[in-house]
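Below you will find the structure I want to go over with you.
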Amino acid sequence: MTAQEIALVADLVRRRSGVIVDVDKTYLIESRLAPVARREGFPGISGLIREIAERRDEKLIWTVVEAMASTETLFFRDRTPFDQLRNDILPVLARSRQDPIRIWSVGCATGQEPYSLAMLVDEERGSHAGLKVDIFASDLSERCLEKAHTGLYTHFEVQRGLPSRLLIKYFEKVEDAWVLSPRIRQMVRWRRMNLLADLRAVGQFDVIFCRNVLNAFDESTRAMVLDQLALALSDDGFLILGLNEAVAGVTKAFRPVPGRRGLYIRAPDLLQGAA
Amino acid sequence: MRTCLVADDSRVIRKVARRILEDAGFDVAEAADGMEALAWCRTSMPEAILLDWNMPVLNGLEFLQQLRREPGGDKPIVVFCTVENTPERIAKAFACGANEFIMKPFDSEILESKFAEVGLL
């Protein structure tokens, strides 16, 4: 790819999704766009980019933008947030909620995070009588959401983070792949969503998992997204960020829960402001 | 340093596993069948065992059942690593005392993920 082609892609991706593309990582950009060019019938990446530059085909533009967003994910990624949900959050919310607890998995990619949440909730039903949870999952990529919706995972995907006891409890082997049980799949509702859009219509959530999403943005976009998430979080709700992400210096809408890495609640100032 | 015994009749698998496990900080011992693995455990009980299912002389499942009856044989964390990957086989491995299960083929990421799952990493 030429420097001009890379600059065009980076600019397009940043303006449409907020995601910052590292223009020095040519190999990464090429590895993401080469399959798109093949699928769309272009002889190479240059043909794909020329078509975008000349015709501004919206569908093709979004295909490129979606392909540049990270889809790295695995079941029960990092473990700690799931332990926090099980040990710290669910007991509190299960006591205080009459309505179903609403959990939002932001940037769910191919679905491993929301499905991990669904399995965890199912495992916890014995500890919390009448536990009701609604799980919403969103991602920028339609292609990822389509895969997520099938609940079908490869031999390698089910071995990354997923304990084998849960594998045989919740999955069925279909030839060389594994498919998640319909009962767990039905616990998750999916929606394509761009975090740059106005999120006020998404409703209120008790728990928001937004992990390893913010790092893809520049600081002003991070602040804007976090402020929108604060409005989507119930007053006594919890935000869970990636273990290497933080809100300090980015927004005052959240404050960390002491001793609980990656776990945040809404800042009191924001609550007063909203009252 | 913690020891992991790799019990597999394939020299290639033992070599691959050894490289990954040594990089992860384990001292690695090898056995080519279940009987050899049992003899090794009777001499020096390892902290972890990466165990193949189909092996000559004494297969992985028979080895595991005998191991768990040995003095101190309840201690090692046993991770099966096999092509026998139907849900029924996995359930049987757990019923016989396995702690985790890896389906072949595997890579370093899977092995490390599974070892982390059982607290070995």
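Each chain gets a letter, A, B and so on, in the order its sequence line appears, and its residues count up from 1.
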Query - A:R260 CZ: over 12 foreign heavy atoms closer than 6.0 Å - result: no
Report task. Over all heavy atoms of both residues, which pair between A:R160 and B:I110 is shortest? Give the atoms and the distance, please. Result -> CG-CG1, 4.4 Å
Query raised in the report: Are side-chain heavy atoms of B:E117 and A:S164 found at a separation under 4.5 Å?
Result: no
Query raised in the report: Are any non-hydrogen side-chain atoms of B:F101 and A:I168 less than 4.5 angstrom apart?
Result: no
Query raised in the report: More than 12 foreign heavy atoms under 6.0 Å from CD of A:E123: is that the case here?
Result: yes
Query raised in the report: For B:A116, is it the side chain, the backbone, both or neither that has a heavy atom under 4.5 Å from a heavy atom of chain A?
Result: backbone
Query raised in the report: What are the two closest non-hydrogen atoms of B:S113 and A:G161, and how far apart are they?
Result: OG-N, 3.0 Å
Query raised in the report: Does any heavy atom of chain B fall under 4.5 Å from the side chain of A:L167, the backbone, both, or neither of them?
Result: side chain
Query raised in the report: Taking NZ, NE, NH1 and NH2 as the nitrogens, is one of them in B:E100 or A:R165 under 4.0 Å from a carboxylate oxygen of the other?
Result: no
Query raised in the report: A:W178 versus B:P87: any side-chain heavy-atom pair under 4.5 Å?
Result: yes
Query raised in the report: Is A:K173 atom NZ crowded by more than 12 heavy atoms from other residues, nucleotides or ligands, each under 6.0 Å away?
Result: yes
Query raised in the report: Is it true that atom CZ of A:R39 has more than 12 heavy atoms of other residues, nucleotides or ligands lying nearer than 6.0 Å?
Result: yes
Query raised in the report: Quick one: does A:H155's side chain have a donor or acceptor within less than 3.5 Å of a partner on B:F106's backbone?
Result: no
**Report entry** Contacting region of A:F156 [heavy-atom separation from chain B under 4.5 Å]
**Finding:** both
Query - Enclosure of A:R143 CZ (heavy-atom neighbours >12, cutoff 6.0 Å) - result: no
Requested in this report: Return yes when atom CG of A:D176 has more than 12 non-hydrogen atoms of other residues, nucleotides or ligands closer than 6.0 Å, and no otherwise.
Outcome: no
Query - Choice from B:E112, B:E109, B:M103 maximising heavy atom contacts with chain A below 4.5 Å - result: B:M103
Report summary line: Correct closest heavy-atom pair for A:Q159 and B:K114 would be O-CE, 3.8 Å
